[in-house]
Asker: 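Right, I'll just put the structure down here and ask away after.
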2 protein chains.
Amino acid sequence: MNVLQFVLSENLSLRDPQETELGRKIVQESIEMIDMLGFECFTFKKLAQRIESTEASIYRYFENKHKLLIYLITWYWQWLEYKIDYGIQNIASPKQKLEIAIRILAERKEKDPTFPEINEEALYRIVIAESDKTYLTKQVDEDNKEGLFRGFKSLCKMIAGFIREINPEFEFAHSLASTAMQAAHQQLFFARHLPSLTELSDSQQDMHAQNAHFLKIMIFNSINSAT
Amino acid sequence: MNVLQFVLSENLSLRDPQETELGRKIVQESIEMIDMLGFECFTFKKLAQRIESTEASIYRYFENKHKLLIYLITWYWQWLEYKIDYGIQNIASPKQKLEIAIRILAERKEKDPTFPEINEEALYRIVIAESDKTYLTKQVDEDNKEGLFRGFKSLCKMIAGFIREINPEFEFAHSLASTAMQAAHQQLFFARHLPSLTELSDSQQDMHAQNAHFLKIMIFNSINSAT
DNA sequence: TCAAACAAGATAGTATTACTATTGTACGCG
DNA sequence: CGCGTACAATAGTAATACTATCTTGTTTGA
């Protein structure tokens with residue numbers, strides 16, 4: 001048993017994959033496979049072969065691969081929120097809290113021994129390349145009603161809260177927070193695949209620090225604007 | 001024949017759809033269908049039924065539906081660039097040029113009689129909901145090598161150019177430009193489907209003006225930052 | 001004017017995907 | 001002992017994303 005585990009929305013899975021051997025295997029191996037193959041080429045059939053189980057068995061945990069993806073992405077956002085929560089303990093200054101949040105958002109992700117079953121580095125790549133696909137669908141409204149996007153929304157609210165603490169007059173706290181959260185990942189994708197869209201470079205060592213620097217400029221200067 | 005037509009990359013289509021009746025129909029009707037069904041539910045078979053042609057005939061114009069989507073999105077970015085080019089005629093001040101670009105980027109899109117075959121309003125909705133899918137794939141690097149993303153990159157470069165005219169010291173011109181271009185559409189998507197992520201509201205009349213206002217705050221304050 | 005070239009319709013076929021349904025079995029618990 | 005749970009095994013289906021081939025009708029240019 002784990003020391004810590006996140007409680008994800010009930011609607012995400014048919015049965016809690018953290019509770020059984022097979023469930024944990026599904027989560028663990030699907031991260032590796034989606035990272036390697038990309039979400040479109042990833043199928044339950046291939047996953048079943050890899051974990052030496054059957055398609056039907058996987059379907060008992062996740063309604064379809066879309067829900068599984070949302071499950072993984074949600075886990076990621078909860079993890080980040082947990083890290084930020086932890087990071088701002090005993091810090092009173094809202095500016096400092098926001099700075100810490102940005103740093104954690106942008107920093108390179110490494111294995112977290114608290115969650116031995118999750119390959120956070122692979123999951124991070126999945127978030128960068130696939131997370132938008134969770135909501136860019138025709139069923140977004142139904143999925144949202146079921147609370148499937150709480151992970152992202154919750155962290156956005158937290159960051160927007162820091163922003164409003166700094167300047168309660170600022171009228172676009174949530175817009176700025178969501179824009180920054182998206183940009184944090186998009187810029188890394190661009191750096192790797194469409195480098196002419198960004199100043200970040202995949203080859204530079206401090207890419208993640210540079211990304212945090214960019215986000216800080218964008219956020220802090222926007223907050224204290226005379227509107 | 002049209003007065004004006006954009007020259008899109010050769011690699012986007014197997015044969016130029018602007019040249020034939022069938023080609024124009026494919027483009028025209030695919031816009032309506034993707035807007036209505038969403039990209040995943042849209043198929044060449046359904047399109048063929050609608051235009052009373054055959055799947056095989058459509059495949060003679062576009063290798064697959066992914067390329068067709070890129071074709072449409074590219075058309076959109078070229079159209080925006082053309083509108084901005086037109087809008088900044090005889091304007092010398094870089095600040096003003098950037099302001100115009102932001103306004104055009106964020107404003108509500110209406111039918112452009114210059115291009116009678118294209119339903120710009122539907123295409124705009126497609127860009128908002130589907131454009132990220134053009135590059136969030138495992139073949140992004142090959143597609144990029146073929147020059148399929150020139151439309152987006154070109155406009156990004158243009159906007160980054162305005163930014164650097166205003167402040168040549170600013171080190172994240174392209175990052176800021178790409179972030180703003182993405183945010184411009186994302187915020188509208190959020191306003192409609194995930195309203196807790198934005199201050200914009202689908203119901204407010206001046207949503208697009210508000211969006212432009214948000215982007216201006218973000219961009220102009222970032223540019224003149226002391227780094 | 002005749003033939004070659006091309007556009008596009010008609011038809012058929014394939015591998016894969018995303019499921020659903022049913023049955024059988026091994027294990028643990030009261 | 002009997003019951004439920006977990007899961008394997010197998011089969012089947014509709015739809016998708018193509019590919020291939022053959023035919024017809026139209027244009028064109030020598």
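Every chain is numbered from 1, with letters handed out A, B, ... down the list of sequences. Quick caveat, the model's predicted, so the values are computed rather than measured.
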Asker: Counting only side-chain nitrogens and oxygens, does A:Thr20 get under 4.0 Å of the OP1 or OP2 atom of D:dA6?
Answerer: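 It does not, given that no N or O in the side chain of A:Thr20 lies less than 4.0 Å from OP1 or OP2 of D:dA6.
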
Asker: Atom CD of A:Glu40 to atom P of C:dA18: distance rounded to whole Å?
Answerer: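 Rounding to the nearest Å, CD of A:Glu40 and P of C:dA18 are 10 Å apart.
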
Asker: Between A:Ser178 and B:Gln187, is there a side-chain donor-acceptor contact under 3.5 Å, judged purely by atom types and distance?
Answerer: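 Judged by distance alone, the side chains do pair up.
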
Asker: How close or far is atom P of D:dC7 from atom NZ of A:Lys25, stated in whole angstroms?
Answerer: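 In whole Å, D:dC7 P and A:Lys25 NZ are 10 Å from each other.
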
Asker: State whether A:Tyr61 places a side-chain N or O below 4.0 Å from either non-bridging phosphate oxygen (OP1 or OP2) of D:dC7.
Answerer: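 Yes, because at least one side-chain N or O of A:Tyr61 sits under 4.0 Å from OP1 or OP2 of D:dC7.
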
Asker: Considering heavy-atom distances to DNA chain C, does B:Ser57 or A:Tyr59 have its closest nucleotide positioned more toward the 5' end?
Answerer: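 It is B:Ser57, whose closest nucleotide lies nearer the 5' terminus.
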
Asker: With rounding to the nearest 0.5 Å, note down the distance linking NZ in B:Lys25 to OG in B:Ser57.
Answerer: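 Reported to 0.5 Å precision, the distance equals 11.0 Å.
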
Asker: Whole angstrom is fine here: how far is it from CZ in B:Phe44 over to P in D:dT16?
Answerer: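 Result: 13 Å.
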
Asker: Using the six-membered ring wherever Trp is involved, compare the ring planes of A:Phe152 and A:Trp77 and label them parallel, tilted or perpendicular (cut-offs 30° and 60°).
Answerer: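 Rings of A:Phe152 and A:Trp77: perpendicular, over 60°.
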
Asker: Between D:dA8, D:dA17, C:dC19, which nucleotide gets closest to the side-chain atoms of A:Thr54?
Answerer: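 The answer is D:dA8, which lies nearest to the side chain.
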
Asker: Looking only at side-chain N and O atoms, does A:Lys65 come under 4.0 Å of OP1 or OP2 in C:dT17?
Answerer: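 Looking at the OP1 and OP2 atoms of C:dT17, neither is under 4.0 Å from any side-chain N or O of A:Lys65.
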
Asker: In whole angstroms, how far is the P atom of D:dT26 from the CG atom of B:Leu22?
Answerer: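 The answer, rounded to whole Å, is 16 Å.
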
Asker: It should be established whether A:Lys46 places a side-chain nitrogen or oxygen under 4.0 Å from OP1 or OP2 of nucleotide C:dT17.
Answerer: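 So the side-chain polar atoms of A:Lys46 do come within 4.0 Å of the phosphate oxygens OP1 or OP2 of C:dT17, strictly under.
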
Asker: Take the protein atom CG of A:Leu14 and the nucleotide atom C1' of C:dT20, then report the distance between them rounded to whole Å.
Answerer: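 That distance rounds to 13 Å.
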
Asker: The side chain of B:Glu55 is closest to which nucleotide in this list: C:dA7, D:dC7, D:dC18?
Answerer: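 Comparing C:dA7, D:dC7, D:dC18 against the side chain of B:Glu55, the answer is D:dC18.
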
Asker: On DNA chain C, does the nearest nucleotide to B:Gly23 precede the nearest nucleotide to A:Ala56 from the 5' side, or the other way round? Give the residue.
Answerer: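 Checking each residue's closest nucleotide, the 5'-ward one belongs to B:Gly23.
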
Asker: Please report, rounded to the nearest Å, how far the P atom of D:dA15 is from the CG atom of B:Leu37.
Answerer: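 About 15 Å, once rounded to whole Å.
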
Asker: Using a heavy-atom cut-off of 4.0 Å across all strands, would you classify B:Phe62 as base, sugar-phosphate, or nothing?
Answerer: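 It contacts nothing in the nucleic acid.
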
Asker: I need the CD1-C1' distance between A:Ile58 and D:dA9, as an integer number of Å.
Answerer: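 Result: 14 Å.
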
Asker: Does a side-chain N or O from A:Arg60 land closer than 4.0 Å to OP1 or OP2 of D:dC7, or not?
Answerer: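 It does not, given that no N or O in the side chain of A:Arg60 lies less than 4.0 Å from OP1 or OP2 of D:dC7.
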
Asker: Rounding to an integer number of Å, can you tell me how far B:Phe39 CZ sits from D:dT16 P?
Answerer: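 Taking atom P of D:dT16 as the reference, CZ of B:Phe39 is at 13 Å.
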
Asker: Rounded to the nearest 0.5 Å, what separation is found between the CZ atom of A:Arg150 and the CG atom of A:Asn11?
Answerer: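 Answer for the CZ-CG pair, A:Arg150 versus A:Asn11, is 7.5 Å.
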
Asker: Classify the ring geometry of B:His208 against B:Tyr124: parallel below 30°, tilted from 30° to 60°, perpendicular beyond 60°.
Answerer: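 Tilted: the ring planes of B:His208 and B:Tyr124 meet at 30° to 60°.
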
